[in-house]
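A note on names: the letters A, B, ... follow the listed sequences, proteins ahead of strands, and every chain is numbered from 1.
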There are 2 protein chains.
Amino acid sequence: MTNFSVSEENYIKSIYHLQQDTHTVNTNSLAVEMNTKPASVTDMLKKLKQKKILQYEKYKGFRLNENGKKIALTVVRKHRLWEFFLANNLGFEWDKVHAIAEELEHISSQELIQKLDNYLGNPSFDPHGDPIPDKHGNIPHLKQRCLAIAPINKTLIVSSVTNQTAEMLDMLKHYKIKIGSSLKIIRHFTFDGSMEIRLLKNAACVISDPVAKNVFVHYD
Amino acid sequence: MTNFSVSEENYIKSIYHLQQDTHTVNTNSLAVEMNTKPASVTDMLKKLKQKKILQYEKYKGFRLNENGKKIALTVVRKHRLWEFFLANNLGFEWDKVHAIAEELEHISSQELIQKLDNYLGNPSFDPHGDPIPDKHGNIPHLKQRCLAIAPINKTLIVSSVTNQTAEMLDMLKHYKIKIGSSLKIIRHFTFDGSMEIRLLKNAACVISDPVAKNVFVHYD
DNA sequence: AATTATTTTTAGATTTGTCTAAAATATATT
DNA sequence: AATATATTTTAGACAAATCTAAAAATAATT
Ligand SMILES: [Mn+2]
Ligand SMILES: [Mn+2]
Ligand SMILES: [Mn+2]
Ligand SMILES: [Mn+2]
């Protein structure tokens with residue numbers, strides 16, 4: 001496990017996230033994800049292959065090998081621990097933490113991240129409800145279910161949010177939906193797939209199907 | 001106040017520190033300080049001059065102008081706040097914080113550093129006793145005096161340490177001398193300039209002149 | 001199967017930050 | 001003042017990360 005540049009780490013992390021969905025990642029989607037040009041992606045792919053981090057055959061797509069995944073997980077771990085710190089200790093709103101963690105995740109000290117982890121109380125989930133890998137790369141798993149298909153009239157706990165754009169988070173803030181919020185589904189509307197919900201100690205409200213599709217919950 | 005790269009920020013900070021002593025800084029000393037080659041320094045000087053941060057005439061030395069000093073102070077502020085966090089909150093020893101803060105000082109968010117400052121309780125001094133500039137660049141000043149020439153038999157408070165190498169800090173740790181320690185000078189030895197001191201609740205001990213020259217104290 | 005469109009890679013250029021070796025300037029010594 | 005030494009700058013090269021434009025490979029459509 002050599003040393004990786006900021007740029008390499010960003011590529012590795014993005015590939016990791018993309019290959020969760022698409023089993024084999026292609027050049028264009030990575031270019032979109034990284035806000036760069038396909039030619040630049042190809043250059044980096046060659047480098048990562050040479051560093052024995054990546055399975056890659058020209059024109060055939062690519063994915064991280066075990067070494068690559070390990071590196072990705074350390075970056076993800078750092079990202080989410082810093083996000084937790086920013087939200088929980090410094091009081092940042094959850095839609096502001098990502099951009100800053102994007103820089104902090106590249107600080108290299110192992111000892112720092114271990115001490116930070118302990119200082120924060122070894123949290124398992126970041127402010128968006130995403131799991132924080134432990135120092136061995138193990139990811140805590142929470143069986144969660146999309147709010148759109150969750151059972152009616154049962155107490156549900158919001159566990160994560162897929163779409164983490166500022167627009168989405170602004171919307172959730174309006175409804176006072178946060179990670180950890182308790183809510184019940186009162187009824188569905190078949191007309192547009194919207195649903196009426198009630199948050200603990202709040203009046204009932206109606207959320208649209210696109211919103212419900214982005215919210216994940218767990219229950220006992 | 002444009003945006004500066006990590007490398008530029010490091011140069012700016014080093015120039016700032018050097019020009020505290022030598023009123024006009026020269027290429028070679030900056031090269032030594034930055035662990036680089038004089039030719040690289042010259043290249044950077046041209047760039048910083050062009051960015052209107054630096055007073056610089058070929059072959060005649062250089063120094064930061066007011067704009068440059070302002071930028072230097074924001075970097076110093078970030079560096080020392082992070083050092084405080086690392087020592088005070090995460091429990092790092094004071095000889096481990098510098099290297100990590102050298103990376104953290106380049107995180108760009110203004111809001112982050114302001115929230116961190118508040119979270120830490122707006123500290124005035126870092127773990128080495130160096131003053132932390134406030135958000136306007138004002139530096140808290142503590143009239144301190146070198147231990148080597150401090151008055152005998154008076155209660156002295158250790159306020160800072162000039163030489164912050166691991167070797168020096170290792171030595172101070174052995175004597176249990178920390179920032180904030182109370183001590184009295186018992187006597188001087190003219191033979192080698194060493195002195196006998198006694199730390200609060202400790203046996204007396206003898207420290208060498210080079211050690212005493214690096215420790216600064218204040219008293220009422 | 002041939003043609004068209006899309007995706008991916010290559011070739012060559014650019015910017016940033018660094019380096020070595022040589023040239024220019026300034027300083028010190030005889 | 002002339003010469004030697006030290007310091008600083010320039011010239012030219014290189015690695016990393018990016019880009020544009022063109023070429024090559026793959027996929028989709030007639
Ligand atoms: Mn990043
Ligand atoms: Mn997150
Ligand atoms: Mn630095
Ligand atoms: Mn310090």
Open item on the list: Without decimals, in angstroms, what is the distance between Leu45(A) CG and dT7(C) C1'?
Closed with: 13 Å
Task: Nearest to side-chain heavy atoms of Tyr59(A), which nucleotide of dC19(C), dT8(D), dT8(C) - done: dT8(C)
TODO: Output yes when at least one side-chain N/O atom of Asn28(A) is less than 4.0 Å from OP1 or OP2 of dT6(C), else no.
DONE: no
- [ ] Name the orientation class of the two ring planes belonging to Tyr119(A) and Phe85(B) (parallel below 30°, tilted from 30 to 60°, perpendicular beyond 60°).
- [x] perpendicular
Task: Closest to the Lys46(A) side chain, choosing from dT8(C), dT10(C), dT9(D) - done: dT10(C)
Task: Distance, rounded to the nearest Å, where Asp43(A) contributes CG and dT10(C) contributes P - done: 9 Å
Open item on the list: Base, sugar-phosphate or nothing for Tyr56(A)? Non-hydrogen atoms, less than 4.0 Å.
Closed with: sugar-phosphate
- [ ] Please state how far atom CG in Leu30(B) lies from atom C1' in dT9(D), giving the value in whole angstrom units.
- [x] 15 Å
- [ ] Counting heavy atoms from C-beta on, name the nucleotide in dA21(C), dT9(C), dC19(D) closest to the side chain of Lys37(A).
- [x] dC19(D)
Open item on the list: Between Thr36(B) and dC19(C), is there a contact of a side-chain N or O with OP1 or OP2 at under 4.0 Å?
Closed with: yes
TODO: Would you please confirm or rule out a distance under 4.0 Å between OP1 or OP2 of dT18(C) and any side-chain N or O of Ser7(B)?
DONE: yes
Open item on the list: Given the ring of Phe92(B), does Lys115(A) sit roughly above its face, with NZ or CZ under 6.0 Å from the centre of the six-membered ring and within 45° of the axis?
Closed with: yes
TODO: Specify the separation, in whole Å, of atom CD of Glu57(A) and atom C1' of dA24(D).
DONE: 17 Å
TODO: Would you please confirm or rule out a distance under 4.0 Å between OP1 or OP2 of dT9(C) and any side-chain N or O of Thr42(A)?
DONE: yes
Task: Length of the CE-P vector between Met44(A) and dC19(D), whole Å - done: 11 Å
Task: Asn26(B) vs dT7(D): side-chain N/O to OP1/OP2 distance below 4.0 Å - done: no
Open item on the list: Do Lys49(B) and Phe62(B) form a cation-pi contact, if we require the NZ or CZ to be under 6.0 Å from the six-membered ring centre and within 45 degrees of the ring's axis?
Closed with: no
Open item on the list: Any carboxylate oxygen within less than 4.0 angstrom of a Lys/Arg side-chain nitrogen, looking at Glu66(A) and Lys69(A)?
Closed with: yes
TODO: Mind calculating the distance between NE2 (His106(A)) and C1' (dA16(D)) to the nearest angstrom?
DONE: 16 Å
Open item on the list: So if I take every side-chain heavy atom of Lys58(A) and compare against dT9(D), dC19(C), dT10(C), which nucleotide ends up nearest?
Closed with: dT10(C)
Task: Shortest side-chain distance from Tyr11(B), nucleotide among dT10(D), dT10(C), dT18(C) - done: dT18(C)
Open item on the list: Are the side chains of Trp82(A) and Leu116(A) in contact, using a 4.5 Å heavy-atom criterion?
Closed with: yes
Task: Nucleotide nearest Ala39(A) when distance is taken to its side chain, options dT20(D), dT26(D), dT18(C) - done: dT20(D)
- [ ] Starting from C1' on dA26(C), measure out to NZ on Lys60(B) and report it in whole angstrom.
- [x] 11 Å
